[in-house]
Amino acid sequence: MDKAYDHKKEEKNLYAMWERNGYFKPKGDPKKKPFTILIPPPNASGKMHTGNVLMIAIEDLLIRWHRMKGDPTLWVPGTDHAGTETQITFEKQLKKQGKSRFQYSREELYQEIWQFVQSNKGQIENQMREMGASVDWSRYTFTLDDHVLKTVHETFAKMYKDGLVYRGNYMVNYCPKCGTTYSDVELKHEERIDPLYYMKYGPFVLATVRPETKFGDTAIAVHPTDKRYKKYVGKEIEVEGVEGNFTLKVIADDFVDPKFGTGVVKVTPAHDKNDYEAGLRHNLEIKSVIDLNGKLNEKAGKYAGLSVVDARKKVVADLEEKGLMEKIDLKYLHTVALCKAGHGIEPMVLPNWFVKVDDPKKSFKKPAYEAVKNGKIKIFPKWREITYLRWMEEMRDWPISRQNVWGIQIPVWYNVEGHEQRIWVVFLDKTKTLHQGPISQHLRNNFTLEEMRKGIQKVFIPIYDMADNQPEIHVGKEMPKNGQWIQETDTFDTWFSSGQWPLVTLGYPDSEDFKKFYPTSVLETGWEIIRLWVSRMVMFGYYLTDQPPFEYVYLHGMVRAIDGRKMSKSLGNVVNPEEYVEQYGVDALRMGLIAGTANGKDFNFPRDRVIAFKHFGNKIWNMGRFLLLMREQYGKDVPQFTSALKLSSEDKKILKGLENLTRTVELSLNKFRFADAAEAIYQFMWHEVADNYIEQVKAREDKDVALSVLTHVYVTTLKLLHPFMPFVTEAIYQQMPDHGESIMIEPWPTA
RNA sequence: GGGCUCAUAGCUCAGUUGGUUAGAGCGUUGCAUUGACAUUGCAAAGGUCAGAAGUUCGACUCUUCUUGGGCCCACCA
């Protein structure tokens, strides 16, 4: 053995050896209950961050532990197409080349991104190998694999049939820059100081931060109990505006806070979430004045074509000029909603597909709520449960359509016949010229529907009136034969497909894997996606299989930067795991992360611990080296350890310690207390075995007994340590006398 | 505004049903070291467990409040 453990020399070879010998495939005693984990799929085009490393460390630990216990053990790897995120990344790259997505048809853009992802995909897969993940690569799943698409399409069709998905107008969080909508949970909120404008509105003065949306106002609201304005309620009032006079109805609604501003609110149902809901309650007209590019439309008169920001400036200036601006509070602090890329969100009313989450006939969310409530699914740490339960209680219908190209296209066709005037199509013709407008216009310009389909970027099919005759809808991947059809250009929200991860990875509904390994054992992930992902998997699981998709949920904490702040590129405090792997080895990095936190709380990247465990790896390496040296110097055969040996009190003590350790590790792992187990092994090996027992062996007369006990204790602790630090333990094990094929398939020590 | 969470040694953190001298890693100080390991050993210094009140025979651990962090949710225009 070398003088020091060299992780660079060992890690790659060991992983190749494990994989080559098929150790990662499920074996074990077929009579025992299988143990299954599905990897939370990382972004296929991304690279590994510290959170992923922690995830792999914990999952690999559980997997290796159960595999050694002889359970049929399966860990399925995979990657996610990460719709919005990937498309944003790709578009940034396009921009650098001076191009934009509008130069491509939907199909071309999809193919471009597909190539982009394919060329980046190898990185994350290699990194999973590098981290020692003992996943079964033969079951690798990418969220755009054909069999995934098939399942997702079928699920959607079933939900459509069951009346659990519908198409409707809805107030969505639309980002004009990204050209797509976001769900509530994808947004971030930021505090800002903006001017609050007090505008004169007929007899009222009212406060707003968005005077430019005034063209979409369809009412004025006051609080029902507000005496000041009681006489106006129900009346129509005349308002002088920058575009001439207009009349508005005054309504009473308790969403108005009489203490804010003047207690009077302009109601703009098309561009404000609050107002939208008030609009629904009072049957107000929804008057959109902002288009999909974030510019004011023709309803804004002379302001048409201006961006929201420019229009605001101009409207404010004009109001001041006309003497309609009472005052401006320049230091108004409020929160604004931002999209992932940090752009301002424009609330808009658009047609979208939705999942009805609480249908009275068959509730999508109810079984998922109850599963956790009544302990059918157990969440660790337990105090995170409340996040899940509260979310489930509050959850509203889930918008599942995204105006992205990169993703799974919603398998819906619309029969445009008779609706050519209303349906708006954006497409590129053969010469790559962009056309947008209603289908009727394209037809007049001698384009065929086939040409539109071929070069399509987007189709918008407005819903004027729910009772009106809507275009016929066909749900399915293939275009129907008879009729004039055009496919929905929206894709599914990423979580709609990844929410079916336990089903698609295991071959739902009828594969052998599905029968054997579903429901899975543990879902391990970061707590920040309880609502986005965990809840959706549980809902789909119950909807399609009447069973929970997993028994336990373990939620690890977020790894913050060394300075205690959230890692971010702009702060420059991102910890790159590669550097630590290079310098200290995978084992040290994994063990450091696992020991760095005990109970799922967020924690700072535990740099010192990583270093400490690098030292620990070297320490046990040298313990092994010294053990071999002593055996060699002893010269004679060392007997196999049995309890029949004539043991000294020191021997008895260390054996007792080993027994306690074995019990502690088992107990801790059962409770998901990984750090406790790690700490116990560290203390025992270093301070009891190395510092005490080995020192005492040096002076022993009965070397045969002492070396026999030492070998036994040492190899047993190596086994206990293996799920935590797989590489160094295997490397040493291969040097031990009478070793087996691999430590990872050795039986798990029992007390 | 609602909720979750944290405040323990110089730093980063453990401390699982309340029970004898509160622990670890790193750091600091002193000594040691030619049978493995300087990625070593032995030893030491260092904490009124944020503050206050309460429950209890007994509280770092339970309750309430105060102070100060972090995070999540939320429609205050």
Side-chain angles (χ1 to χ4, degrees), chain A residues 1-5 171 184-185 187-189 194 196-199 206-211 213 217 220-221 253 255-268 271-278 332 334-335 337 347 381-387 390-391 394 527-528 530-531 557-558 560 562-566 584-585 588 592 595-630 632-633 667-668 671-673 675-676 678-680 682-683 686-687 690-692 694-695 697-699:
Chain A
M1 282 172 91
D2 294 342
K3 191 167 167 156
Y5 172 61
M171 169 65 61
D184 289 348
V185 278
L187 300 181
K188 47 187 184 185
H189 297 266
D194 282 312
L196 182 65
Y197 304 96
Y198 286 76
M199 303 191 290
L206 54 79
T208 181
V209 284
R210 304 203 56 189
T213 62
D217 292 358
I220 286 177
D253 195 295
F255 88 95
V256 182
D257 178 355
K259 289 194 283 294
F260 183 86
T262 55
V264 187
V265 189
K266 68 190 198 68
V267 186
T268 323
H271 300 291
D272 183 281
K273 218 163 188 175
N274 245 336
D275 295 5
Y276 176 72
E277 277 158 28
Y332 174 58
H334 66 145
T335 54
K382 193 163 166 55
W383 52 268
R384 291 271 185 217
E385 244 185 47
I386 197 157
T387 311
R390 284 174 65 92
W391 163 246
E394 291 165 6
W527 59 264
E528 78 279 10
I530 295 180
R531 305 197 316 280
M558 310 283 299
R560 288 187 308 245
I562 295 171
D563 61 10
R565 290 188 292 181
K566 207 169 165 173
Y584 305 109
T597 178
N599 48 11
K601 281 186 306 200
D602 294 350
F603 62 107
N604 303 353
F605 181 78
R607 185 169 181 272
D608 289 345
R609 279 187 197 265
V610 174
I611 297 169
F613 281 111
K614 150 93 177 161
H615 294 175
F616 180 59
N618 189 61
K619 180 74 183 179
I620 61 171
W621 174 267
N622 273 289
M623 286 164 71
R625 194 153 81 100
F626 188 49
L627 169 66
L628 293 180
L629 185 70
M630 284 194 293
E632 198 188 309
Q633 286 177 351
L667 221 63
S668 302
K671 290 192 291 187
F672 297 93
R673 305 276 308 187
D676 289 358
E679 194 62 29
Y682 179 94
Q683 291 303 326
W686 199 311
H687 299 302
D691 292 348
N692 288 320
I694 288 185
E695 288 306 313
V697 171
K698 292 176 182 174

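To find a chain, count down the sequence lines: A is the first, B the second, and so on, and within it residues start at 1.
Which of B:rG35, B:rU39, B:rA24 sits closest to the side chain of A:Phe626 comes down to B:rG35. Of the candidate nucleotides B:rG41, B:rA14, B:rA36, B:rG41 has the atom lying nearest to any side-chain atom of A:Trp686. In this structure, the nucleotide among B:rG15, B:rC26, B:rA36 sitting nearest to the side chain of A:Glu695 is B:rA36. Distance from the side chain of A:Lys671 is smallest for B:rU16 among the nucleotides B:rA36, B:rG25, B:rU16. Among the nucleotides B:rC13, B:rC4, B:rA36, the one closest to any side-chain atom of A:Ile386 is B:rC4. Across B:rA14, B:rG25, B:rC75, the shortest atom-to-atom separation from the side chain of A:Asn274 is found for B:rC75. Checked against B:rA36, B:rU16, B:rA24, the side chain of A:Leu629 finds its nearest nucleotide in B:rA36.
Not a single donor-acceptor pair under 3.5 Å links the side chain of A:Asn622 to the backbone N or O of A:Ala4. Judged by distance alone, the side chain of A:Asp602 and the main-chain N or O of A:Met558 form a donor-acceptor pair under 3.5 Å. A:Trp621 places a side-chain N or O within donor-acceptor distance of the main-chain N or O of A:Asp2, the cut-off being under 3.5 Å.
Taking a pair as Watson-Crick or G-U wobble with both distances under 3.5 Å, the runs of three or more consecutive pairs in RNA chain B are B:1-7 with B:67-73, B:10-13 with B:23-26, B:28-32 with B:40-44, B:50-54 with B:62-66.
Across all strands shown, A:Tyr5 has no heavy atoms under 4.0 Å from either base or sugar-phosphate atoms. When heavy atoms are screened at a 4.0 angstrom cut-off, A:Arg609 is found touching base atoms of the nucleic acid. At the heavy-atom level, A:Ala612 lies under 4.0 Å from the strands shown only through sugar-phosphate atoms. Residue contacts for A:Trp383: at a heavy-atom cut-off of 4.0 Å it reaches the sugar-phosphate backbone alone, with no base atom in range. Within 4.0 Å of A:Asp602, counting heavy atoms only, lies no atom of the nucleic acid at all.
At B:rA36, none of the side-chain N or O atoms of A:Lys3 fall inside 4.0 Å of OP1 or OP2 (strictly under the cut-off). Using a 4.0 Å cut-off, some side-chain N or O of A:Asn604 falls inside it from OP1 or OP2 of B:rC13. Note on A:His615: a side-chain N or O is less than 4.0 Å away from OP1 or OP2 of B:rU40. Between B:rG70 and A:Lys601, no contact under 4.0 Å exists linking OP1 or OP2 to a side-chain N or O. Applying the 4.0 Å criterion to OP1 and OP2 of B:rC73, one finds that A:Arg531 has a side-chain N or O inside that range. Contact annotation: A:His687 does not reach the phosphate of B:rC42 (side-chain N/O to OP1 or OP2, under 4.0 Å).
A donor N or O paired with an acceptor N or O is not found under 3.5 Å between the base of B:rA36 and the side-chain atoms of A:Gln633.
Straight-line distance between the P atoms of B:rG23 and B:rG47: roughly 14 Å, to the nearest whole Å.
Of the two residues contacting RNA chain B, namely A:Thr387 and A:Lys698, the nearest-nucleotide position lying further toward the 5' end is that of A:Lys698. Comparing A:Lys266 and A:Ala4 along RNA chain B, the residue whose closest nucleotide (by nearest heavy atom) sits nearer the 5' end is A:Ala4.
For A:Tyr682 and A:Phe613, the gap between ring centers is short of 6.0 Å.
Under a cut-off of 6.0 angstrom, the local environment of NZ in A:Lys566 is sparse, with at most 12 non-hydrogen atoms contributed by other residues, nucleotides or ligands.
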